[in-house]
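Whatever order the structure lists ligands and atoms in, that order sets their numbers, starting from 1.
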Amino acid sequence: MAGWNESQLRKYNIKMEKIPTLQYDDPKVDSLLTNNKPVLIKGSKLVSRVLKWDLDYLTEHMNSTCCNVLISKNHKFKYYDQKKITPNMTFKPISRPSPMIFSEFAKQIKDWKKGDSRLYMQQVLNNSISQRIVNDFVKFNWDWIISKQNVCKWGSLTSNLLLIAQEGNVTPCHYDEQQNMFASIRGYKRFILFPPSEFECLYPHPVHHPYDRQSQVEFDNPDYIKFPKFKEARGYEVIVGPEDVLYIPMYWFHHVESLMHGGYTVSINFWFKAESVEKIEYPLLDHHKIVIMRNVEKMLAEALHDPSEVGTMLKTIVLGRYT
Ligand SMILES: CCC[C@@H](CC(=O)O)C(=O)C(=O)O
Ligand SMILES: [Zn+2]
């Protein structure tokens, strides 16, 4: 009996297939990982020794720690890069940072009522957190995750984010430039993943926009005039529950939601730099093409000294000549 049901999922008009679910010691796991294909991995015990990380336990041991908390007027927490907001830009993000001490966060979650702003804690785990949390952190199944890092020749582990979301919270569709092993500690999260080849159907913001890497499409109210190819997007869906580990390959788009009426969720991600020495081989892989497109946008903005002229020049290059 799964701990969730379909009524807890938000409804989208997207074609979706399933992501393979395998036991951690199945040899097919490594072949999917090394081919940048998503897989839900069961039984790894990656975070099994911190399943006690609930709001009460964390309040007791992170009490006065000031944590990175996002606050949103609705259920969406769309990440933006503060450094890309320029003075003459009118940028009104839906969610914004609202740092607070852990006990305040826990209290607001417990007292939350419909209509209140929503909160989402996204805190980098480092040694400034309490000693008890550090002691728990060392109990992750590091042997297993390091063996995966080695078999995939990933670069260094850059960070672990502790994610505590209210039921129903959504992280809208985006891609990251790092490999991600995503572990659930409490509750259920639904992931909709799209391979890098779906780039044309997901219309990410321009590289220089604060919403770089984030899809422009509102999944719950798509603008099919502006984004006609979204109708053709083909996704992959998976529900990640306690102790599951989902491999999210770098450059794969993902939409993530904490199931409605499922209580708050606690997750930890493990972001790794890409290949330590990725030599580009031909034919190019789909994610290489995203890297190339990003470099073209960056190089043009650099050469033009003005990101707002990049679109005009790209149109001049393409319209009537490559179309
Ligand atoms: C800030 C990271 C949020 C996470 C999605 C989620 O759990 O809401 C994600 O996108 C990732 O781990 O890459
Ligand atoms: Zn992400």
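Looking only at protein heavy atoms, the nearest one to atom 5 (C) of ligand 1 is Val256 CG2, 3.6 Å. If you check which protein heavy atom lies closest to atom 7 (O) of ligand 1, you get Lys189 NZ, 2.7 Å. Looking only at heavy atoms of the protein, atom 6 (C) of ligand 1 is closest to Tyr120 OH, 3.2 Å. Scanning all protein heavy atoms for the shortest distance to atom 11 (C) of ligand 1 gives Asn180 ND2, 3.4 Å. With respect to atom 13 (O) of ligand 1, the closest heavy atom belonging to the protein is Asp176 OD2, 2.9 Å. Among all protein heavy atoms, the one lying closest to atom 1 (C) of ligand 1 is Gln122 OE1, 3.3 Å.
Using a 4.0 Å cut-off between charged side-chain N and carboxylate O, Asp30 and Lys148 make a salt bridge. A salt bridge is absent between Glu198 and Arg234; no separation between the charged side-chain nitrogens and carboxylate oxygens falls under 4.0 Å. Between Lys84 and Asp212, at least one side-chain N (NZ, or NE/NH1/NH2) sits under 4.0 Å from a carboxylate O, which counts as a salt bridge.
Backbone and side-chain nitrogen or oxygen atoms of His254 are examined, and one is located within less than 3.5 angstrom of a nitrogen or oxygen of ligand 1.
For the 3.5 Å distance criterion, the side chains of Ser72 and Ser95 fail to qualify, holding no donor opposite an acceptor.
Under a 4.0 Å criterion applied to the non-hydrogen atoms of His174, ligand 1 contributes the atoms 10 (O). Interface of Phe182 with ligand 1, defined as ligand atoms under 4.0 Å from a residue heavy atom, comprises 7 (O), 12 (O). Near Asn269, meaning under 4.0 Å from any of its heavy atoms, are these atoms of ligand 1: 11 (C), 12 (O).
When heavy-atom distances to ligand 1 are checked against a 4.0 Å cut-off, Ile248 has no atom that comes that close, whether in backbone or side chain. If you look at Tyr79 next to ligand 1, there are no close heavy atoms at all, none under 4.0 Å.
Judged by the shortest distance from any of its heavy atoms, Glu257 lies outside the 4.0 Å radius around the atoms of ligand 1.
Annotation: cation-pi pair Arg186/Tyr264 present, NZ/CZ under 6.0 Å from the ring centroid and within 45° of its normal. For the pair Lys78 and Tyr211, the cation-pi test (distance below 6.0 Å, angle within 45°) is passed.
Counting non-hydrogen atoms of neighbouring residues, nucleotides and ligands closer than 6.0 angstrom, the OH atom of Tyr24 reaches no more than 12 such neighbours. With a 6.0 Å radius and a threshold of 12 heavy atoms from other residues, nucleotides or ligands, Lys28 has its NZ atom at or below the threshold.
Less than 6.0 angstrom separates the ring centroid of His255 from the ring centroid of Phe219. In this structure, the ring of Phe270 has its center no less than 6.0 angstrom from the ring center of Trp154.
Summary: NE2 is the N/O/S atom of His174 found nearest to the Zn ion (ligand 2).
When rounded to 10 degrees, the angle formed at the Zn ion (ligand 2) by OD2 (Asp176) and NE2 (His254) equals 90°.
Across Thr265, Leu246, Leu163, heavy-atom proximity to atom 4 (C) of ligand 1 is greatest for Leu163.
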